[in-house]
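Side-chain atoms are counted along with the backbone in the values below, which use heavy atoms only and exclude waters and symmetry mates. Position 1 is the first residue of the sequence; numbering continues from there.
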Amino acid sequence: AAAVVLGFLLVGLSLLQKGNRESILRVRARDAANVVAQDIIDSISALGSASVQDKSWACEEANGVFEEPSLCRERIFTGSTTRKMADTTGVKVPYRATVVVTAATDGSQEVNEETEFMANGGGNGLSVGHRLSKHVDVTVNWEFKKSLQSINVSAVIR
């Protein structure tokens, strides 16, 4: 009887360990997707809102060629909680990003008191235009356990 109870406990512990490994892989994949999205937003932000056009980019494959290869990334996860340099086996996760840049029309344009003062004829009377902000939406998709996962990260760049 004790051997049967011990056997059930060992089976339960092994299933728990397997579920724990899958959870770690899922969290690592989501974290990597956040890093991919933030890298893309940082790259667009570095260009400045004036030099970024309102349009969409995507990691889409047509005739075996990716339209925007910089939006297609792959990462390998081992599932281990320790990082071993020699451990190269693991799960390869391809990430596909879609980027949509639009003019920010929701009142998020930057206006400060000095700009308003000068635009109203105060100071030296020069008229000052506002810098238009851009709204950036980045959606990153990846597959995990035969299901499509995605995150959406938004930012306003100036």
Side-chain angles (χ1 to χ4, degrees), residues 18-85 87-158:
K18 180 183 176 189
N20 187 27
R21 182 176 182 273
E22 289 178 7
S23 294
I24 290 171
L25 286 174
R26 186 181 305 268
V27 168
R28 285 186 179 178
R30 187 178 308 130
D31 287 346
N34 275 322
V35 169
V36 168
Q38 193 60 49
D39 284 347
I40 292 168
I41 288 173
D42 290 344
S43 298
I44 292 172
S45 181
L47 296 173
S49 65
S51 61
V52 178
Q53 298 177 353
D54 295 356
K55 68 180 239 179
S56 297
W57 300 276
C59 168
E60 294 178 355
E61 189 175 5
N63 299 327
V65 177
F66 287 106
E67 178 185 336
E68 290 288 337
S70 64
L71 300 179
C72 309
R73 309 206 180 159
E74 285 186 344
R75 300 213 177 200
I76 297 176
F77 300 99
T78 61
S80 172
T81 56
T82 60
R83 296 182 181 194
K84 297 179 183 176
M85 298 301 284
D87 189 7
T88 58
T89 62
V91 179
K92 183 187 284 187
V93 180
Y95 293 94
R96 295 181 180 216
T98 303
V99 180
V100 179
V101 177
T102 56
T105 57
D106 57 356
S108 62
Q109 295 177 350
E110 184 176 278
V111 178
N112 58 32
E113 292 177 15
E114 180 180 334
T115 305
E116 287 180 357
F117 178 71
M118 292 177 72
N120 290 330
N124 58 10
L126 297 174
S127 65
V128 177
H130 299 110
R131 290 183 286 157
L132 183 63
S133 301
K134 301 284 180 153
H135 189 254
V136 181
D137 281 317
V138 179
T139 303
V140 180
N141 298 315
W142 71 98
E143 266 193 48
F144 185 81
K145 293 283 192 178
K146 298 183 181 179
S147 68
L148 186 65
Q149 307 287 316
S150 70
I151 62 162
N152 189 2
V153 178
S154 298
V156 175
I157 60 170
R158 301 175 199 270

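- Taking the side chain to side chain donor-acceptor pair (under 3.5 Å) definition, one finds that Ser154 meets it with Asp137, sequence neighbours left out.
- With sequence neighbours left out, the side chain to side chain donor-acceptor pair (under 3.5 Å) criterion links Gln149 to Ser147.
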Please tabulate, one pair per line, all N/O donor-acceptor pairs under 3.5 Å involving side-chain atoms of residues 35-44, not counting sequence neighbours.
from, atom 1, to, atom 2, distance (Å)
Gln38, NE2, Asp42, OD1, 3.1
Ser43, OG, Asp39, O, 2.9

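- In this view, Lys146 satisfies the side chain to side chain contact (heavy atoms under 4.5 Å, CB included) rule with no residue, not counting sequence neighbours.
- Taking NZ of Lys134 as the reference point, atom OG of Ser51 lies at 9.0 Å (rounded to 0.5 Å).
- Put simply, CH2 on Trp142 and CZ on Arg96 are 14.5 Å apart, with the number rounded to the nearest 0.5 Å.
- Between atom CZ of residue Arg26 and atom CZ of residue Arg21 there is a gap of 13.0 Å, rounded to the nearest 0.5 Å.
- Nearest heavy-atom pair, Thr139 versus Ser150, reported as atom, atom and distance to 0.1 Å: CG2-CB, 4.5 Å.
- Smallest separation of non-hydrogen atoms from Ser56 and Val100: OG-CG2, 3.6 Å.
- Closest approach of Ser45 and Ile157 over heavy atoms only: CB-CG2, 3.7 Å.
- For the pair Tyr95 and Ala33, the tightest heavy-atom approach, listed with the atom from each and the gap, is CE2-CB, 3.7 Å.
- Here the closest non-hydrogen pair linking Ala58 and Leu71 is N-CD1, 3.8 Å.
- Under the side chain to side chain donor-acceptor pair (under 3.5 Å) criterion, Lys18 pairs with no residue, sequence neighbours left out.
- A distance of 6.5 Å separates CG in Asp54 from OG1 in Thr102, rounded to the nearest 0.5 Å.
- Evaluation of the salt bridge (charged side-chain N to carboxylate O under 4.0 Å, His left out) rule for Glu143 yields no partner, not counting sequence neighbours.
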